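Reviewing the structure listed below.
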Amino acid sequence: MNVIAAPLADSLIFEPERFGDQRGFFQENFRVADYRLAGIEDELVQDNWSRSVKGVLRGMHFQHQAPQGKLISVMRGKIYDVAVDVRRHSANFGRWQAVVLSEHKPQQLWLPPGFAHGFLVLSDVADVIYKTSHYYNQADEGAFSCFSAELGISWPDLPYIQSAKDSAAADFHEIFA
Ligand SMILES: Cc1cn([C@H]2C[C@H](O)[C@@H](COP(=O)(O)OP(=O)(O)O[C@H]3O[C@H](C)C(=O)[C@H](O)[C@H]3O)O2)c(=O)[nH]c1=O
């Protein structure tokens with residue numbers, strides 16, 4: 001398992017080995033030992049499956065008291081994955097990164113606890129699976145707008161499909177005043 005740095009400090013990109021043959025391919029998606037070797041001590045306790053059609057824009061989401069680390073893989077399609085460091089002590093507080101994840105490129109993205117997460121679907125459909133280091137708690141959830149001017153996140157230009165919650169989300173500076 002190769003590990004490379006993602007643009008923001010503490011975020012990592014894992015590159016699992018994919019064994020292809022005339023039948024298709026085999027890929028190990030998760031070994032605790034690989035993540036411990038990369039310095040991730042978080043225990044991953046929940047596994048999610050998110051299916052979206054082209055143009056779906058989910059985010060930007062985070063949890064206040066029990067921030068979730070996320071290990072993100074795209075099983076089908078392609079996404080433009082964005083994360084914002086919302087750790088107040090971080091030198092990168094308020095900075096964002098974008099990583100394109102695709103079923104055709106064996107890469108997984110690690111976001112440590114304290115990153116807000118969102119993604120835009122670039123393919124007709126995308127299946128995103130991700131493990132999290134804390135359980136989901138709707139009461140603990142926070143969100144800010146993907147289009148918060150002060151962040152300057154550049155999104156590919158598509159007709160966006162958002163949930164009512166996401167399209168009504170406040171700007172970053174209103175949440176992290
Ligand atoms: C996230 C989550 C949601 N749900 C339920 C709550 C709602 O009834 C339904 C849809 O939830 P929501 O619209 O918040 O789903 P997303 O917009 O994909 O939210 C996710 O979007 C970004 C990209 C993330 O990284 C987070 O995991 C998460 O916030 O699933 C659960 O039961 N468990 C969960 O872990």
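We count residues from 1, following the sequence as given. Note that these values count all heavy atoms, side chains included, but never hydrogens, waters or copies made by symmetry. A quick note: this is a predicted structure, and the numbers were derived from the prediction, not measured. Remember, it's 1-based here, ligands and their atoms both numbered in the order they're listed.
- Among all non-hydrogen protein atoms, the one lying nearest atom 6 (C) of ligand 1 is Tyr136 OH, 3.6 Å.
- By the definition of a contact as any protein heavy atom under 4.0 Å away, atom 35 (O) of ligand 1 is in contact.
- Expressed to the nearest 0.5 Å, how far CG of Leu101 lies from CE of Met75 amounts to 10.0 Å.
- The single protein non-hydrogen atom nearest to atom 25 (O) of ligand 1 is His117 ND1, 2.7 Å, given as residue, atom name and distance.
- Proximity of His117 to Ile72: side-chain heavy atoms (C-beta onward) are separated by under 4.5 Å at one or more points.
- For ligand 1, the atoms lying closer than 4.0 Å to a non-hydrogen atom of Lys165 are 14 (O).
- When side chains are defined from C-beta on, Leu151 does not count as touching Cys146, because their heavy atoms never get closer than 4.5 Å.
- Defined by atom type and a distance below 3.5 Å, a donor-acceptor pair is missing between the side-chain atoms of Gln63 and Glu141.
- Residue Phe172 forms a ring pair (Phe, Tyr, Trp, His ring centres under 6.0 Å) with just one option from Phe93, Phe147, Phe62, and that option is Phe93.
- With respect to atom 7 (C) of ligand 1, the closest heavy atom belonging to the protein is Gln138 NE2, 4.6 Å.
- Atom 23 (C) of ligand 1 is approached by the protein to below 4.0 angstrom, counting heavy atoms only.
- Scanning Arg58, Lys70, Glu141, His61 for the heavy atom closest to atom 21 (O) of ligand 1 points to His61.
- In this structure, atom 30 (O) of ligand 1 has no protein heavy-atom contact shorter than 4.0 Å.
- Atom 4 (N) of ligand 1 is approached by the protein to below 4.0 angstrom, counting heavy atoms only.
- Side-chain contact annotation: Tyr130 with Gln68, donor-acceptor N/O pair under 3.5 Å absent.
- Under the 6.0 Å cut-off for aromatic ring centres, Trp155 and Tyr80 qualify, their centroids lying closer than that.
- Asp42 and His134 are not linked by any side-chain donor-acceptor pair at a separation below 3.5 angstrom, with hydrogens and angles left out of the test.
- Taking a cut-off of under 4.0 Å to the non-hydrogen atoms of Phe119, the atoms of ligand 1 that pass are 23 (C).
- Contact analysis puts Tyr130 in contact with ligand 1, with a non-hydrogen atom separation below 4.0 angstrom.
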